[in-house]
Each structure stands twice: as C-alpha cells, then as structure tokens.
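Can you keep this structure in mind? I'll have questions shortly.
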Amino acid sequence: MQLYNSASHQKEDFVPRDPNLVKMYTCGPTVYHFAHIGNLRSYIMEDVLEKYMRYAGYNVKRVMNITDVGHLTSDADSGEDKMIKGAKREHKTVMDIAKYYTDAFFADCARLNIKTPDVVEPATNCIGEYITIITGLLDKGFAYRAGGNVYFDTSKLDKYYVFNEQDSDDLAVGVREGVEEDPNKRNKNDFVLWFTQSKFEDQALKWDSPWGEGYPGWHIECSGISMKHLGEYLDIHCGGIDNAFPHHTNEIAQSESYLGHKWCNYWFHVLHLNTSGGKMSKSKGEFLTVSLLEEKGYDPLIYRLFCLQSHYRKALVFSWENLDNAKVAFDKLVARIATLKPEDGAVDQGAFDEQKAKFQAALDNDLNTSLAVTALYDVLKAQTNDATKLALLADFDRVLGLNLTEKAAEKRKTAASGTTSGGYTVQGEGDPAIDALVRQRAEAKKAKNFAEADRIRDELKAAGIEVTDVAGGATWTRA
RNA sequence: GGUGACAUAGCCAAGUGGUAAGGCAAGGGUCUGCAAAACCCUCACCCCCGGUUCAAAUCCGGGUGUCACCUCCA
C-alpha cells in the first residue's frame with residue numbers, strides 16, 4: 001500500500017522491515033481529563049490503518065503509551081503539571097486520576113469500535129528504560145547536565161528538523177504567554193530528558209536517578225516505551241499533526257542518537273478536527289465527548305462514519321449539522337442493508353472479488369477512507385445477489401468498523417418479529433399495548449375514519465413512537 | 001516573523017494530464033386517504049491571474065484566503 005510519509009512529504013510504498021510483521025507505535029492520551037472527539041479522530045484513523053494492514057495480510061504489533069506523568073501546563077494557565085492539576089481539581093491522587101481517565105479513554109474507544117493496541121504501557125512503568133537511554137546519550141555526548149536537569153544537545157545533530165525546513169533562529173520563543181526560555185539550555189531547541197529542578201513545585205511523582213530524584217521529560221517516554229516493546233527498529237509511528245514538532249522531532253533526535261542508526265521509517269500524522277472557530281480544545285467552547293454525543297442521541301459509530309467520510313490528512317470541521325448529515329447517511333445504510341436477504345443464493349466469487357478490489361484500491365491509496373465508504377454504496381448498487389453483498393459488507397467492516405451488518409441483522413430480526421392477524425402485520429419492538437394501538441388505527445383506516453386514525457398516530461407520536469405504513473401492515477419504532 | 005498544509009455545488013467529499021465519484025440537503029415525479037418510507041429524475045465552467053501542453057481541477061510561477069506548528073495539546 002501507499003502511505004504519505006510526513007518525513008519525506010510524499011506518498012511512498014509501505015514496506016515493513018520484516019515482511020511479516022508491522023511494528024507500529026501510537027502516541028497515546030494524557031490521562032488527566034476525558035478525551036474529546038477531536039482527540040479520538042486520530043485514534044479512529046489509526047485504528048483503520050491498523051485494521052487495514054491486518055486485512056491486507058500483515059501481522060501487526062501495535063504499542064501505545066499512556067502519559068500519566070510529567071506533562072507540563074495546560075491550556076490557559078501557567079505553571080502546573082496537568083496530572084497534578086487534575087488531581088487537585090478532583091481531590092484525588094495523581095494515580096487515581098490516571099486510572100480513572102485511562103479507563104474512560106478505553107471505554108470511549110470501545111464505543112467507537114477502536115481496537116485496544118496489543119500493548120498499552122503507562123509512562124510511569126518504564127522509568128528504568130528512560131534512565132538507560134539518557135545515560136547512553138550522556139555517554140555519547142548528546143546530552144548535558146545543567147541546573148540540575150539533563151538536556152538533549154540539538155547542536156550535536158547534523159539534521160534536527162525532520163518534518164520541515166525551519167531555522168532555529170526563526171523559532172519564536174514565547175509566542176504564548178507563560179512560556180519562558182530556560183536559561184540552562186545551550187541551544188534554543190534543546191529539551192529536557194530528566195528533571196530534578198522544575199519550575200513546577202509539588203511534583204507528586206518522583207523517582208531516583210543517577211542525576212538525583214526527579215521525573216522524566218515528556219519526549220523520552222515514547223522512545224523508551226517503543227524500544228522496550230518493539231526493539232531498535234520501528235516501522236510506523238502515528239500521532240496527531242501537532243505532535244510532529246517538537247515531540248516527534250525530539251523523539252527522532254534522541255532515539256537515533258542513542259541507537260546510532262535510523263529508527264523509524266514512516267510517520268503517519270492525522271490532521272485535527274476543528275470547530276468553525278478553529279482547533280478544538282478542552283478549554284474552548286463546548287467540550288465534545290463521546291458521552292455527550294450519546295446523550296444527544298447519536299450512536300458513537302455515527303461519529304466514526306463522519307470521520308471516515310473525510311481523509312485523515314485533511315482538517316475536518318465539526319458541526320452538529322455535519323454530524324446530522326452522517327447520522328442520516330448511517331441510518332439509511334443500515335436500513336438498506338436490512339432489506340438484503342441473507343439466504344439469497346450463494347456468494348458469487350467473481351462479483352465479490354471485483355468489489356473487494358475497488359475497496360482495497362481505495363485504502364491502498366494513502367488510506368482513502370472516503371472512497372472506501374463509497375465502495376459500500378457501490379456494493380449496494382452492484383448487479384449481484386444479496387448473499388454476495390452481505391459477504392462483502394461484512395468483509396469491509398473488518399476495516400471500517402461500523403457494525404453495519406450487525407445493526408442491519410438486528411433490524412431484520414425486529415422486522416421478522418411482527419405479529420400478524422387478519423392479514424395485517426404489525427412490526428415493532430415487541431410492546432403488545434402499542435401493537436394494539438397500531439391495530440386500532442388500522443381498523444379506523446379501514447372504516448375510512450381518517451380523523452381517528454390520525455389521532456392515534458399523533459398520540460403515539462407524542463409518546464415518541466413513529467408509525468409507518470408498509471405493504472400489508474405497519475411498522476413502528478421508538479425515536 | 002518563520003515553517004507546514006489546505007482551497008471542488010447549500011453542506012461533507014472523491015479526483016494524482018483527457019471534457020467533474022459518492023453521501024446529505026433541495027426541487028420534480030411514482031406510490032399513498034394524508035404523512036412517512038421506498039423508488040425514479042434533476043442539480044458544478046473545480047479561489048484568482050499568468051505559464052507549460054493538442055489537452056489542466058489535476059503540472060509550474062505569482063497572488064488571495066483558511067487552518068496548523070514554533071517547546072501544553074490528537
């Protein structure tokens with residue numbers, strides 16, 4: 001397959017070092033608060049990437065970190081560790097907070113059909129790995145000690161800027177309030193590997209190290225965890241585009257300096273979900289979570305479809321109108337699939353292969369999920385039997401993860417559970433009282449008493465029940 | 001200020017040199033006591049200006065606009 005590589009700024013053929021195993025690393029969440037749906041866009045797209053690689057025949061070992069330590073300052077304030085801030089806010093210990101929000105994160109992922117990575121590693125589990133790497137960097141002269149901390153020396157690198165052509169002189173330090181230049185740094189781009197002296201006091205979590213009691217810098221975490229579980233070579237590293245600089249740039253600097261060779265071949269960056277006012281954040285505007293979507297009556301998988309209809313390398317604007325659009329499309333897809341008859345013939349392998357080839361061509365081309373979704377519609381319109389269509393849809397869903405065939409099967413089951421009497425079939429959700437009302441309405445209609453029929457329909461509607469006439473009966477659903 | 005990306009119908013969106021996929025909405029129609037659903041039909045000179053080419057939404061140059069990053073963020 002072809003993937004856009006942020007490191008080379010072009011699409012490349014994806015070739016893992018080991019043809020049978022893709023080693024994949026994902027920057028995981030900082031667990032000091034709930035994830036918003038913008039955070040989750042990245043995880044949805046990375047999930048599709050992972051599932052497509054498996055679909056295409058690769059074995060995949062995927063590792064994700066959980067940042068439960070040392071993330072400095074948050075959106076609008078200056079001078080507190082995010083984890084500590086969360087703990088203070090909720091009067092819990094830092095580790096309680098981490099546990100709580102880690103669980104919440106994976107619960108959100110489950111509702112969005114995002115597979116949990118093979119390895120999930122909290123940053124606080126790997127202090128030994130960080131110390132080993134930092135020691136190695138100091139030995140090789142890539143790091144130095146100053147003011148109690150250990151820094152990476154970016155001037156020792158031939159090429160520091162991997163993802164763009166910046167010049168360190170052009171970096172505007174302090175473009176945001178509360179960001180001050182650290183006087184211990186030898187170069188503007190140098191970054192901390194290990195803190196013993198922090199401008200943030202009351203660090204709840206500290207560990208012993210050869211440089212004193214302290215805690216690791218942010219960037220070292222991903223390098224350490226990746227090497228612990230995936231070894232010296234990584235095939236593909238994923239994350240949100242905001243991480244490209246400085247986080248991923250620094251990961252590359254420290255990893256390759258430590259290892260002495262190229263570390264990761266492909267970089268997969270997902271663009272942000274924006275609101276009409278710009279980047280979505282936790283401190284600005286409505287705090288959009290999976291739970292909020294559910295409260296408002298949206299199946300989380302509608303949001304998944306919403307993301308899939310766009311391309312991961314394009315900014316996506318969230319609005320309720322756009323989500324409604326996706327909801328209608330999702331419901332219609334399920335309804336159309338529900339009309340397919342599973343027992344309609346045997347799978348036609350020729351037709352199956354033809355449709356599948358289109359689907360794969362779409363995803364082989366830099367994970368074009370928008371075209372992959374179109375492939376669903378192509379299947380529904382294809383000149384072949386229902387059994388073939390259902391087999392194709394189930395096959396595609398291994399990657400898309402929309403549960404379309406399952407939902408359609410449920411719908412079909414509900415429809416089949418209708419009760420028939422007097423040649424009139426009522427299909428609903430199995431409530432005899434409502435079935436009876438629907439029958440009363442049918443009687444009224446038969447007697448041409450349309451006022452009464454409409455009155456019953458209105459009464460049901462007031463109770464949130466929608467009645468629809470179909471050939472030989474009626475169906476009803478709860479809104 | 002520097003750097004990176006993007007700009008296609010009312011909205012989302014595909015398209016990687018040969019006269020614009022798909023979805024939603026909208027309008028028209030069939031069906032229906034009415035409604036809904038379903039089905040059929042209709043709906044774009046691709047931000048602007050130059051250039052290359054027999055041919056450009058697609059390549060090149062220059063604008064304009066939007067977004068992102070510049071040590072917190074997916």
Side-chain angles (χ1 to χ4, degrees), chain A residues 6 9 11 26-30 35-46 67 71-78 80-82 161 163-176 178-182 185 188-192 217-219 238-247 249-250 269-274 278-283 305-306 309-311 313-317 319 321-330 332-333 335-336 339 362 365-366 368-371 373-378 381 445 448-451 453-454 457 466-471 475:
Chain A
S6 319
H9 297 272
K11 278 193 223 175
T26 300
C27 284
T30 303
H36 59 63
I37 60 173
N39 301 129
L40 290 160
R41 179 190 187 195
S42 290
Y43 298 111
I44 288 172
M45 301 317 290
E46 290 161 8
T67 299
H71 234 55
L72 300 178
T73 58
S74 75
D75 304 283
D77 59 8
S78 53
E80 261 184 308
D81 184 295
K82 279 186 176 177
Y161 295 101
F163 297 109
N164 45 41
E165 297 297 328
Q166 291 187 93
D167 188 304
S168 72
D169 293 339
D170 294 328
L171 281 183
V173 173
V175 285
R176 292 173 206 215
V179 175
E180 290 167 26
E181 198 156 9
D182 182 342
K185 288 182 182 181
K188 212 182 266 185
N189 290 312
D190 291 356
F191 54 93
V192 177
W218 171 38
H219 311 295
C238 311
I241 185 65
D242 55 309
N243 278 326
F245 185 84
H247 181 52
T249 304
N250 290 347
H269 287 128
V270 180
L271 265 76
H272 281 159
L273 179 73
N274 296 325
K279 183 172 166 177
M280 185 172 287
S281 81
K282 287 169 181 161
S283 58
L305 175 64
F306 173 79
Q309 282 179 317
S310 179
H311 190 256
R313 222 146 45 70
K314 217 169 167 183
L316 182 59
V317 176
S319 69
E321 185 193 350
N322 291 348
L323 191 66
D324 282 334
N325 189 328
K327 179 178 164 61
V328 174
F330 187 85
K332 282 191 177 181
L333 268 174
R336 283 177 70 177
T339 64
N365 184 7
D366 195 25
N368 192 327
T369 50
S370 180
L371 271 180
V373 170
T374 299
L376 291 175
Y377 289 94
D378 289 343
K381 284 186 273 195
K445 278 177 65 177
K448 304 244 184 259
N449 186 352
F450 298 122
D454 289 349
R457 187 168 63 194
E466 202 71 47
V467 182
T468 302
D469 291 332
V470 294
T475 64

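Quick note on labels: first sequence line is chain A, next is B, and so on, each numbered from 1.
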Exercise. Using atom P of each nucleotide, how far apart are rU58(B) and rG1(B) to the nearest Å?
Worked result: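 So the two P atoms sit 28 Å from each other.
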Exercise. Do F306(A) and I37(A) come close enough that some side-chain heavy atom pair is under 4.5 Å?
Worked result: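 F306(A) does not reach I37(A) side chain to side chain.
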Problem set entry | Spacing of the C1' atoms in rA13(B) and rA21(B) (rounded, Å) |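 About 10 Å, rounded to a whole number of Å.
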Exercise. Would a distance-only check, ignoring hydrogens and angles, find a side-chain to backbone donor-acceptor pair under 3.5 Å from K445(A) to A453(A)?
Worked result: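 No; judged by distance alone, with no hydrogens or angles, the pair does not exist.
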For this session: Calculate the interatomic distance between F245(A) atom CZ and rC72(B) atom C1'; express it in whole Å.
Result: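 Distance check: F245(A) CZ to rC72(B) C1' gives 14 Å.
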Exercise. Taking a pair as Watson-Crick or G-U wobble with both distances under 3.5 Å, which nucleotide is matched to rC45(B)?
Worked result: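 Its partner is none (no Watson-Crick or G-U wobble pair with both distances under 3.5 Å).
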Problem set entry | Rounded interatomic separation in angstrom, taking CG from N274(A) and C1' from rC69(B) |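 One finds 13 Å between C1' of rC69(B) and CG of N274(A), rounded.
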For this session: Using a heavy-atom cut-off of under 4.0 Å over every strand shown, decide if G38(A) touches base, sugar-phosphate, or nothing.
Result: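 G38(A): base contact, heavy atoms under 4.0 Å.
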Problem set entry | Same-atom distance (C1') from rA7(B) to rA44(B), integer angstrom |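 So the two C1' atoms sit 15 Å from each other.
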Exercise. Which is true for L316(A) with a 4.0 Å heavy-atom rule: it touches a base, it touches only sugar-phosphate, or it touches nothing?
Worked result: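 If one applies the 4.0 Å heavy-atom cut-off, L316(A) turns out to touch the sugar-phosphate alone, with no base involved.
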For this session: State, yes or no, whether a side-chain contact exists between Y43(A) and V270(A) at a heavy-atom distance under 4.5 Å.
Result: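 Side-chain contact under 4.5 Å: no.
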Exercise. Which whole number of Å gives the distance between the C1' atom of rA74(B) and that of rA38(B)?
Worked result: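 It works out to 41 Å between them.
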Exercise. Taking the nucleotide of RNA chain B with the closest heavy atom to each, which residue, N368(A) or K448(A), is nearer the 5' end?
Worked result: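 In this pair, the answer is N368(A).
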Problem set entry | Nearest-angstrom distance, P atom, rC59(B) to rG18(B) |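 Straight-line distance between the two P atoms is 12 Å.
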For this session: Calculate the interatomic distance between L273(A) atom CG and rA74(B) atom P; express it in whole Å.
Result: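 Roughly 13 Å, once rounded to whole Å.
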Exercise. Any side-chain heavy-atom pair from I241(A) and R313(A) closer than 4.5 angstrom?
Worked result: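 In short, these two side chains do not touch, never coming nearer than 4.5 Å.
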For this session: State whether K314(A) places a side-chain N or O below 4.0 Å from either non-bridging phosphate oxygen (OP1 or OP2) of rA14(B).
Result: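 Answer is yes, contact under 4.0 Å.
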Exercise. Does a nitrogen or oxygen in the side chain of S310(A) sit under 4.0 Å from OP1 or OP2 of rA13(B)?
Worked result: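 Yes.
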For this session: With heavy atoms under 4.0 Å as the rule, sort V328(A) into base, sugar-phosphate or nothing.
Result: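 Sugar-phosphate contact only.
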Problem set entry | Watson-Crick or G-U wobble mate for rC34(B), both contacts under 3.5 Å |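 Check on rC34(B): unpaired, no WC or wobble geometry under 3.5 Å.
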Exercise. Of A315(A) and E46(A), whose closest RNA chain B nucleotide lies nearer the 5' terminus?
Worked result: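 So the residue in question is A315(A).
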Exercise. Y377(A) has an atom OH; how far is it from atom P of rC39(B), in whole Å?
Worked result: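 Going from Y377(A) (OH) to rC39(B) (P), I get 12 Å.
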Exercise. Between rC69(B), rA21(B), rA38(B), which nucleotide has the shortest distance from any of its atoms to the side chain of K332(A)?
Worked result: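 Of rC69(B), rA21(B), rA38(B), rA38(B) is nearest to the side chain of K332(A).
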Exercise. Which part of the nucleic acid does K327(A) contact within heavy-atom distance under 4.0 Å: base, sugar-phosphate only, or nothing?
Worked result: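 Here K327(A) touches no strand at all.
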For this session: For rC48(B) versus rA35(B), give the span between their P atoms, rounded off to a whole number of Å.
Result: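 That atom pair is separated by 43 Å.
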Exercise. Which part of the nucleic acid, if any, lies within reach of H9(A) when heavy atoms closer than 4.0 Å are counted: base, sugar-phosphate only, or nothing?
Worked result: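 Sugar-phosphate: the residue H9(A), judged by heavy atoms under 4.0 Å, touches backbone atoms but no base.
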Exercise. So, does S310(A) use its side chain to make a donor-acceptor pair with the main chain of A315(A) at under 3.5 Å?
Worked result: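 Checking the backbone N and O of A315(A) against the side chain of S310(A), no donor-acceptor pair under 3.5 Å is found.
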Problem set entry | Length of the CD-C1' vector between Q309(A) and rC24(B), whole Å |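 Going from CD in Q309(A) over to C1' in rC24(B) covers 8 Å.
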Problem set entry | Sugar-phosphate only, base, or nothing, as touched by F450(A) at under 4.0 Å among non-hydrogen atoms |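 Touches a base.
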Problem set entry | Pairwise C1' distance for rG29(B) and rG62(B), with rounding to whole Å |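 One C1' to the other, the span is 50 Å.
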Problem set entry | Base partner of rG10(B), which must satisfy Watson-Crick or wobble distances under 3.5 Å |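 WC or wobble partner is rC24(B).
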For this session: Would you mind telling me which of rG22(B), rC70(B), rA74(B) lies closest to the side-chain atoms of T374(A)?
Result: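 So the nucleotide nearest the side chain must be rG22(B).
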Exercise. Hey, does D454(A) reach any base, or is it just sugar-phosphate, or nothing, if we go heavy atoms under 4.0 Å?
Worked result: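 Base contact - D454(A) has a heavy atom under 4.0 Å of at least one base atom.
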Problem set entry | Any N449(A) side-chain nitrogen or oxygen under 4.0 Å from OP1 or OP2 of rG33(B) |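 N449(A) to rG33(B) OP1/OP2: no side-chain N or O under 4.0 Å.
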Exercise. Among rG15(B), rA74(B), rG23(B), which is the nearest nucleotide to the side chain of H272(A)?
Worked result: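 That would be rA74(B).
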Exercise. Quick one: which of rA21(B), rC70(B), rA74(B) gets closest to the side chain of T30(A)?
Worked result: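 The answer is rA74(B), which lies nearest to the side chain.
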Exercise. Are the side chains of H219(A) and P246(A) in touch, meaning some heavy atoms are under 4.5 Å apart?
Worked result: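 Yes, close enough: below the 4.5 Å cut-off.
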Problem set entry | Value in whole Å for how far the P atom of rU3(B) lies from CG of N189(A) |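 For the pair N189(A) CG and rU3(B) P, the rounded distance is 15 Å.
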For this session: Using a heavy-atom cut-off of under 4.0 Å over every strand shown, decide if H269(A) touches base, sugar-phosphate, or nothing.
Result: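 H269(A): no heavy atom of the nucleic acid under 4.0 Å.
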Exercise. Is any side-chain heavy atom of R41(A) less than 4.5 Å from a side-chain heavy atom of L271(A)?
Worked result: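 With C-beta onward as the side chain, the pair touches.
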Exercise. Is the backbone of H311(A) close enough, under 3.5 Å, to the side chain of T369(A) for a donor and an acceptor to pair up by distance?
Worked result: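 Answer holds: no.
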For this session: Go ahead and name the base partner of rA57(B); Watson-Crick or wobble counts if both distances stay under 3.5 Å, otherwise write none.
Result: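 Base partner found: none.
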Exercise. Which one is paired to rA5(B), where only Watson-Crick or G-U wobble pairs with both distances under 3.5 angstrom count?
Worked result: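 Partner of rA5(B): rU66(B).
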Exercise. Counting side-chain heavy atoms from CB outward, which of rC11(B), rG15(B), rA5(B) is closest to N322(A)?
Worked result: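 So the side chain of N322(A) is nearest to rC11(B).
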Exercise. Under 4.0 Å between a side-chain N/O of N325(A) and OP1 or OP2 of rC24(B), yes or no?
Worked result: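 Answer no for this pair, as no side-chain N or O of N325(A) is under 4.0 Å from OP1 or OP2.
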Exercise. Now, which nucleotide makes the Watson-Crick or G-U wobble pair with rC39(B), with each of the two distances under 3.5 Å?
Worked result: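 With both distances under 3.5 Å, rC39(B) matches rG29(B).
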Exercise. Of all the choices, rA13(B), rC24(B), rG33(B), which nucleotide is nearest to the side chain of K445(A) once you look at every atom?
Worked result: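 In terms of side-chain proximity for K445(A), the closest of rA13(B), rC24(B), rG33(B) is rG33(B).
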For this session: Identify which nucleotide among rC69(B), rA13(B), rG23(B) has an atom closest to any side-chain atom of S370(A), counting heavy atoms from C-beta outward.
Result: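 Out of rC69(B), rA13(B), rG23(B), the nucleotide with an atom closest to S370(A)'s side chain is rA13(B).
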Exercise. Base, sugar-phosphate alone, or nothing: which one does D378(A) contact when heavy atoms must sit under 4.0 Å apart?
Worked result: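 It contacts nothing in the nucleic acid.
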Exercise. Contact class for Y43(A) vs. all strands (heavy atom < 4.0 Å): base, sugar-phosphate, or nothing?
Worked result: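 Y43(A): backbone/sugar contact only, no base atoms under 4.0 Å.
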Exercise. Can you tell me how far P of rG4(B) sits from NE2 of H247(A), to the nearest Å?
Worked result: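 The distance from NE2 of H247(A) to P of rG4(B) comes to 22 Å, rounded to the nearest Å.
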Exercise. Is any N or O donor-acceptor pair between the side chain of R457(A) and the base of rA35(B) shorter than 3.5 Å?
Worked result: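 Yes, the side chain and the base share a sub-3.5 Å donor-acceptor pair.
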Problem set entry | Interatomic distance at P, rU66(B) relative to rC60(B), whole Å |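 It works out to 24 Å between them.
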Exercise. Taking atom P of rA38(B) as reference, at what distance in whole Å does atom NZ of K381(A) sit?
Worked result: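 Result: 15 Å.
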Exercise. Is there side-chain contact between R457(A) and D454(A), with at least one heavy-atom pair below 4.5 Å?
Worked result: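 Sidechains of D454(A) and R457(A): in contact.
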For this session: Identify which nucleotide among rA14(B), rG22(B), rA68(B) has an atom closest to any side-chain atom of I241(A), counting heavy atoms from C-beta outward.
Result: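 Looking only at side-chain atoms, I241(A) lies closest to rA68(B).
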Exercise. Is there side-chain contact between F245(A) and N189(A), with heavy atoms separated by less than 4.5 Å?
Worked result: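 In contact.
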Exercise. Which part of the nucleic acid, if any, lies within reach of D190(A) when heavy atoms closer than 4.0 Å are counted: base, sugar-phosphate only, or nothing?
Worked result: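 The residue D190(A) makes base contact.
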